[in-house]
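Reviewing the structure listed below.
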2 protein chains.
Amino acid sequence: MADGAVGATRRKRQGTSNGKTTLREVAEHAGVSPAAVSRAFTPGSPISDALRARVIEAAEGLGYRPNRMAAGLAGGRSGLVGIVADGFADPGLLDLLDHATRAMKGHGLIPILLNSEGQESFEDIQRIVHDYGIEALLLLSPGLSRRFVQGVQKSGIRYAHAFEAHSADPAAAQAGVRDILAARLAAATFAERGYVAPAMIAGPEGTRHFREPANGFTTTLDRLGLPNRVVHAESWSPDAGARAMAGLLAQGACDAVFCASDTLAIGALGAVRAAGRAVPEDIGLIGYDDLAASAWPEIDLSTIAFPRAEIARYCVDFLARLRDDPSLKPEAFVAEPLLVERSTLRSARV
Amino acid sequence: MADGAVGATRRKRQGTSNGKTTLREVAEHAGVSPAAVSRAFTPGSPISDALRARVIEAAEGLGYRPNRMAAGLAGGRSGLVGIVADGFADPGLLDLLDHATRAMKGHGLIPILLNSEGQESFEDIQRIVHDYGIEALLLLSPGLSRRFVQGVQKSGIRYAHAFEAHSADPAAAQAGVRDILAARLAAATFAERGYVAPAMIAGPEGTRHFREPANGFTTTLDRLGLPNRVVHAESWSPDAGARAMAGLLAQGACDAVFCASDTLAIGALGAVRAAGRAVPEDIGLIGYDDLAASAWPEIDLSTIAFPRAEIARYCVDFLARLRDDPSLKPEAFVAEPLLVERSTLRSARV
DNA sequence: CTGAAAGCGCTTACAG
DNA sequence: CTGAAAGCGCTTACAG
């Protein structure tokens, strides 16, 4: 019967049915068991090609789509992955979000956006993961505390981590540029361009990305016999960058500044100009991120690229593979820091 | 018994249980029916204060949290709302996302990020809504086609729409600035500042935001007896803005330009300077959005504000109210366009 | 490879 | 107000 009359149920219920075809109806129309329908839609399930074909045909005829919530409940595979993000003032996040969501779509994964701005503790996130049967977490947040990351680690929740890249024996899947290498590159570049007193504006204290790049920066410069110093910005905003730069300028004695992010560098750039100093002659500037805005002619910032597209894709692909093979070992994708040459750096001495 | 032994089930299953307490266990510990536990957690359910208190106590003791997936399946209230977004190159979206997700958290709603960039048809979105029992849609996308919006409308899916604001008899909940008023304000401002040949760089043809602002712009200028013209950018990117501006400049005969977005205006600004013309003396510029970047000293763009925080919050709050009262009628929140005065406009004639 | 059955963790008409 | 029961739409050991 084409009208799909289902065995009389005692009462009409609302549920999420939404007037949509259910697995049971497909089973009846195809003349198979419900289990067969389920198997037909589950890759790797034990089912013959013939049976599967029959099911698929009936399903298409009825416009059937498995209800993922029910599948998640029954089988634990909701297809939901939580994107933990903060730093909503940094356009780089938007880019990451764009790439990550596109990659997820390719894997049939659905992104839940977990805004961890402010003091979202790991426990809060963990609760949501439980409440919704979220399968994995994608950490897209540079501002995550060590405590948070350790919490995720211990919880056993699957995850991948952008903004983290320790090539040796990673504790979890991660992808990123190694901050220390970026900092070394910046330091070496300043030296090569003839700057003699480089400084660094690092991110706010307490961030996981603070110590490593600062070390890379000072160590390299020490080795080259150049003076150097590191100050912190109070946040990642351009304003914070401008204030830090103003402070550096007030103390004199610096002619090049590496900023831990492009947002910081953009603020610093404004501060340098406001102080009547010339970029890149008086002051050289290197950012870190290569935001779209950094390429605008008004900004035109020399910076170290952070390959957001590759990193987002790598993390999502890893999560998708992990889903098919839970025994997968953590891996790291380490991108090389790359200098994007624009106008805030003197050219190399010839 | 504190160990919560549950009646012997025939087999161990994995499910999403995750080792977490279930409703049944709470019921047993509290010595009440499962229904009572469910009711205790559902505002407005028929349950005595005494019973509820007893349940809540047991629940807290066990660290119980209702599984939202199961609740969604059984009751149709998943708490999931889909954010339909595109334009991931525009930082304004990130801002909107930030405000919307924060507002949702306040209502216990969870955001699913639906990236509609490219050609995501309404049918695709509808499928996801079904698959996951998404309760409502928040349209945060300026680039949605009329077809898409009509599809949502007809589908009966609940939604709220940012970037839309027709005060009279709204067909659905919407919030935004009326483009036509923004365009009129820009036109009037140019006239007041003594510009004599204003032009407008509108968004790409085909966008829902094209015709209305263009009309507002030209009509106002016609009435004031000033020449005017409208060109389209090929996209919303700064590059597209720069190309449109270059085109305008090449033809001469314009001394002020209203851009349909700040991203466009930022590109236009670069093009004006690249052509060796002075802003705001030779060419006045007004953008639309008031992005964070527009306030950077290097940009310092005069623009018409789009109150993203209020708009995002309004939409989310509406969705939350609609959830509690499905009979709620659609409403519109119309924000007044407001000129943010910066350096790309001559000052008023004295 | 298949099907019947139990179960995932909740909700809600129904009958007190 | 309460509880027993049926149901939401799927999955997966179990026993062929």
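Computed over heavy atoms, backbone and side chain alike; hydrogens, waters and symmetry mates excluded. Lettering of chains follows the sequences in order, A, B, ..., and the numbering in each one begins at 1. Remember, predicted model here, so these are calculated numbers, not experimental data.
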Are OP1 or OP2 of [N] and a side-chain N or O of [X] less than 4.0 angstrom apart?
X	N	answer
A:T22	D:dC8	no
B:Y132	D:dG9	no
B:S48	D:dT2	yes

Can you tell me the distance, in whole Å, between the [atom1] atom of [X] and the [atom2] atom of [N]?
X	N	atom1	atom2	answer
B:D49	D:dC1	CG	P	9 Å
A:L80	D:dC10	CG	P	16 Å
B:L23	D:dG3	CG	P	12 Å
B:R24	D:dG7	CZ	C1'	14 Å
A:L73	C:dA6	CG	C1'	14 Å
A:K20	D:dC8	NZ	P	17 Å
B:F41	C:dG9	CZ	P	16 Å
A:N67	D:dC10	CG	P	5 Å

Which residue lies more 5' along DNA chain D, comparing B:P34 with B:A70 via nearest heavy atoms
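That would be B:P34.
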Minimum-distance nucleotide (side-chain atoms of B:L51 versus D:dG3, C:dA4, C:dT2)
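Between D:dG3, C:dA4, C:dT2, the one nearest the side chain of B:L51 would be D:dG3.
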Mind checking if [X] touches a base, just sugar-phosphate, or nothing, with heavy atoms under 4.0 Å?
X	value
A:A35	base
B:R52	nothing
B:A36	sugar-phosphate

Between the base of C:dG9 and the side chain of B:R68, is one N or O donor paired with an acceptor at under 3.5 angstrom?
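Not at all, since no donor on one side and acceptor on the other fall under 3.5 Å apart.
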With nearest nucleotide decided by heavy atoms, which residue, B:P66 or B:R39, maps closer to the 5′ end of DNA chain C?
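Result: B:P66.
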What class does the angle between the rings of B:F148 and B:F122 fall in, given that below 30° is parallel, 30 to 60° is tilted and above 60° is perpendicular?
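Perpendicular, since the angle between the ring planes exceeds 60°.
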Measure the shortest side-chain to side-chain distance between A:V81 and A:I112 over non-hydrogen atoms and say whether it is less than 4.5 angstrom.
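Heavy-atom side-chain distance check fails, nothing below 4.5 Å.
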Do the non-hydrogen side-chain atoms of B:Y132 and A:L80 ever get within less than 4.5 Å of each other?
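Result yes, sub-4.5 Å side-chain heavy-atom pair found.
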Any luck finding a side-chain donor-acceptor pair between B:D98 and A:N115 under 3.5 Å?
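The answer is yes; a qualifying pair exists.
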Please confirm whether the backbone N or O of [Y] pairs with a side-chain atom of [X], one donor and one acceptor, at under 3.5 Å?
X	Y	value
B:E57	B:R54	no
B:S78	B:G133	yes
A:E117	A:D86	no

Stem list, DNA chain D (Watson-Crick or G-U pairing under 3.5 Å, at least 3 consecutive pairs)
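In DNA chain D, stems of three or more pairs: C:1-3 with D:14-16, C:5-12 with D:5-12, C:14-16 with D:1-3.
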Determine whether the aromatic ring centres of residues A:F41 and A:Y64 are separated by less than 6.0 angstrom.
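Here the rings of A:F41 and A:Y64 have centres that are less than 6.0 Å from each other.
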Give me the distance, rounded to whole Å, that separates C:dG16 from C:dT12 when you measure between the C1' atoms they each carry.
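My reading of the C1' atoms in C:dG16 and C:dT12 gives 15 Å.
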